[in-house]
Amino acid sequence: MKTTIANVHKHLNETVTIGAWLHNKRSSGKISFLQLRDGSGFIQGVVAKAAVSEEEFELSKEISQESSLYVTGTVVEDSRSPLGYELQVTGLELIQEAVDYPITPKEHGTEFLMDHRHLWLRSKKQHAIMKVRNEIIRSTYEFFNNEGFVKIDPPILTGASAEGTTELFHTKYFDEDAYLSQSGQLYMEAAAMALGRVFSFGPTFRAEKSKTRRHLIEFWMIEPEMAFMDHEESLQMQEEYVAFVVQSVLKNCQVELDTLERDRSQLEKITAPFPRITYTDAIQLLKDQGFDDIDWGDDFGAPHETAIAESFDKPVFITHFPLHIKAFYMKPDPDNPDVALCADLIAPEGYGEIIGGSERIDDYELMAQRYKEHDLEGPAYQWYLQLRQYGSVPHSGFGLGLERTVAWITGIEHIRETIPFPRLLNRLYP
RNA sequence: UCCAGCGUAGCUCAGAGGUAGAGCAAUCGGCUGUUAACCGAUUGGUCGCAGGUUCGAAUCCUGCCGCUGGAGCCA
């Protein structure tokens with residue numbers, strides 16, 4: 001019967017057929033070892049000359065990397081296999097012979113692999129990263145569903161920017177100007193006033209000329225927005241959410257974490273609550289560590305963020321940033337109007353900011369004043385101002401960058417491997 | 001945009017004024033427990049592009065193009 005590699009454990013000592021690609025092979029005169037993959041996992045097929053026809057044994061020795069085939073064999077336990085099982089092959093049927101597959105089992109450079117991203121995804125490490133990414137997405141939906149959130153999809157084509165701080169991709173919308181969304185947040189605030197607790201999951205676009213291991217031009221964000229929630233309650237939701245995702249990956253992606261050689265003890269520590277430090281204390285911490293290139297009122301650079309993160313072994317919230325370096329919609333702290341009720345969550349091990357969030361301004365007069373200060377007047381934002389006019393309530397929200405989170409949890413060096421087809425400063429192919 | 005480094009075989013790299021090299025891949029052969037298998041043989045080149053210096057340039061110089069790492073910007 002036909003099955004998948006992920007399900008062979010249900011067919012111990014039975015004969016099964018698997019549709020697969022040849023990942024690699026080793027052969028000697030009378031026995032061949034086929035490393036097979038079918039998308040669900042990897043398994044070794046052992047072809048003994050005596051167990052198959054002469055034609056099939058010849059095929060097992062000659063078959064090329066990434067050729068597709070149907071493999072029939074008996075599932076047996078084997079302690080030498082990472083999966084715990086291997087296939088004693090009794091039949092081989094070639095579907096298509098792959099000629100000169102470019103990605104060999106040896107080393108390759110970054111540019112070459114990126115040019116062959118459509119094929120690179122087949123390799124073991126990339127396969128593992130995509131499985132972890134999927135588990136992060138799956139557990140995100142599980143967490144927010146459990147907390148009574150409704151998934152809401154904000155538009156990708158917008159008439160104006162949410163924050164005005166970043167470079168947008170411009171396009172034509174018939175006779176009007178339009179921009180690709182850099183954040184769904186303003187729309188999510190409208191949705192929260194309709195449905196209470198909402199979250200979005202979708203792509204965002206930033207035309208920044210950033211060229212670092214932490215930046216993508218197109219990246220995916222998870223943006224929850226919660227009515228009747230203040231800043232402190234939002235922080236609790238954030239730490240519980242992130243801890244839930246990490247623990248879900250630990251539980252459901254053990255083979256993948258092993259493939260990625262991820263140090264699990266680093267992830268096992270990730271439980272709520274997370275440490276918090278105010279912006280003002282973080283500046284002092286940096287000065288105590290010898291940084292003399294930053295003063296109160298400056299935003300953090302990458303080395304600053306990393307230094308703060310390394311002072312903790314869990315993700316750390318940096319709270320209460322100066323109002324003027326943050327977005328116009330953030331609510332000032334009633335106890336100190338120079339700072340905002342906001343927080344960035346910095347991942348450990350130098351992976352940088354993974355969440356930015358705040359309580360939002362709910363007072364109509366103050367929001368109207370911010371509009372003037374930030375020169376945001378005009379029809380594009382009228383609807384957003386109206387949210388403060390008709391039953392305004394305290395509310396908070398945050399945005400989590402999926403790819404940075406995947407990079408942190410998988411422990412990989414560069415964000416370009418966390419998304420199937422990365423859009424980078426100089427890359428739109430494949 | 002700025003700083004630094006790199007462009008040589010399909011891939012990863014060595015060669016630093018004097019005959020273009022290795023490992024892997026590919027092709028042929030050998031091997032019954034391999035784990036990036038191993039062993040033997042064969043094939044494979046516009047040395048990124050353009051100009052210059054020199055008897056002679058992959059090698060030195062200039063410009064351009066491309067890539068990588070970092071900074072800034074940003075999440």
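Naming: A, B, ... by sequence-line order, numbering from 1 per chain.
Separating the P atom of B:C11 from that of B:G48 is a span of 13 Å, rounded to the nearest Å. With both ends at atom C1', the span from B:G23 to B:A4 equals 29 Å, rounded to whole Å. The gap from the P atom of B:G7 to that of B:C13 amounts to 9 Å, rounded to the nearest Å. For the C1' atoms, the distance from B:G15 to B:A9 is 14 Å, rounded to whole Å. Atom name C1', nucleotides B:U53 and B:U59: the rounded distance is 13 Å, in whole Å. One P atom belongs to B:G45, the other to B:G51, and the distance between them is 24 Å to the nearest Å. Straight-line distance between the P atoms of B:A57 and B:C38: roughly 40 Å, to the nearest whole Å. Nucleotides B:G29 and B:U12 are separated by 29 Å at their P atoms, to the nearest Å.
At a threshold of 4.0 angstrom between heavy atoms, the contacts of A:Q88 include nucleobase atoms, whether or not backbone atoms are also involved. A:N426 comes within 4.0 angstrom of sugar-phosphate atoms only, judged by non-hydrogen atoms across all strands, and of no base. Residue contacts shown for A:R416 are limited to sugar-phosphate atoms, with no base heavy atom under 4.0 Å away. Residue contacts for A:E111: at a heavy-atom cut-off of 4.0 Å it reaches the sugar-phosphate backbone alone, with no base atom in range. Residue contacts shown for A:E62 are absent, as no nucleic acid heavy atom lies under 4.0 Å away. Counting any heavy atom pair closer than 4.0 Å across all strands shown, A:R213 reaches sugar-phosphate atoms only and no base atom. At a threshold of 4.0 angstrom between heavy atoms, the contacts of A:G401 with the nucleic acid are absent. At a threshold of 4.0 angstrom between heavy atoms, the contacts of A:D115 with the nucleic acid are absent. Residue contacts shown for A:Y101 are absent, as no nucleic acid heavy atom lies under 4.0 Å away. Within the 4.0 angstrom heavy-atom criterion, only backbone atoms of the sugar-phosphate kind lie near A:N24; the bases stay farther away. A:S27 comes within 4.0 angstrom of a base, heavy atoms only. Across all strands, A:H414 comes closer than 4.0 Å only to sugar-phosphate atoms, never to a base (heavy-atom distances). Residue A:S32 is out of contact with every strand shown, counting any heavy-atom pair closer than 4.0 Å. Heavy atoms of A:A48 sit nowhere under 4.0 angstrom from any nucleic acid atom.
Distance A:R80 CZ to B:U35 C1': 10 Å, rounded to the nearest Å. In this structure, the CD atom of A:E413 is 12 Å from the C1' atom of B:G70, given to the nearest Å. Note: CG (A:D299) to P (B:A75) measures 9 Å, nearest angstrom. With rounding to whole Å, A:I31 atom CD1 is found 17 Å from B:G30 atom P. Atom CG in A:D258 sits roughly 20 Å away from atom P in B:U35 (whole-Å rounding). Rounded to a whole Å, the CG atom of A:L87 is 16 Å from the C1' atom of B:G33. Across the protein-nucleic acid pair, A:L168 atom CG and B:A75 atom C1' stand 14 Å apart, rounded to whole Å.
Nucleotide B:C13 forms a pair with B:G21, judged by Watson-Crick or G-U wobble geometry with both contacts under 3.5 Å. Across all strands shown, nothing is found opposite B:C47 as a Watson-Crick or G-U wobble partner with both distances under 3.5 Å. In a base pair of the Watson-Crick type (N1 to N3 plus N6-O4 or O6-N4) or a G-U wobble (N1-O2 and O6-N3), with each distance short of 3.5 Å, B:G33 is matched with no nucleotide. Pair assignment for B:U1: B:A71, on the basis of Watson-Crick or G-U wobble contacts that are both within less than 3.5 Å. Base pairing analysis places B:U42 opposite B:A26; the two distances defining the Watson-Crick or G-U wobble pair are each below 3.5 Å. The base-pairing partner of B:C6, taking Watson-Crick or G-U wobble contacts with both distances under 3.5 Å, is B:G66. Nucleotide B:G56: unpaired (no Watson-Crick or G-U wobble partner with both distances less than 3.5 Å).
With A:R213 as the fixed residue, the side chain to side chain donor-acceptor pair (under 3.5 Å) test singles out one of A:H414, A:E417, A:E413: A:E413.
In terms of polar N and O atoms assigned as donor or acceptor, the side chain of A:E86 comes within less than 3.5 Å of the base of B:G33 in a complementary pairing. Side-chain to base pairing of A:Q44 with B:U35: no donor and acceptor N or O lie closer than 3.5 Å to each other. Side-chain N/O atoms of A:S210 and base N/O atoms of B:C73 include a donor-acceptor pair closer than 3.5 Å. Within 3.5 Å, a donor on the side chain of A:K211 pairs with an acceptor on the base of B:G69, or the reverse.
A close approach under 4.0 Å does not occur between any side-chain nitrogen or oxygen of A:R26 and OP1 or OP2 of B:U34.
Between A:T405 and A:Y351 there is no side-chain heavy-atom pair separated by less than 4.5 Å. The shortest distance between side-chain heavy atoms of A:I103 and A:H108 falls below 4.5 Å.
Taking every heavy atom of both residues into account, A:S60 and A:L34 meet most closely at O-CD2, 3.7 Å. Scanning all heavy atoms of the two residues, the minimum distance from A:P430 to A:F421 falls at O-CD2, 3.9 Å.
Defined by atom type and a distance below 3.5 Å, a donor-acceptor pair is missing between the side-chain atoms of A:E135 and A:S139.
Stacking here means ring centres nearer than 5.5 Å and ring planes tilted less than 30 degrees, and by that measure A:F33 does not stack onto B:A37.
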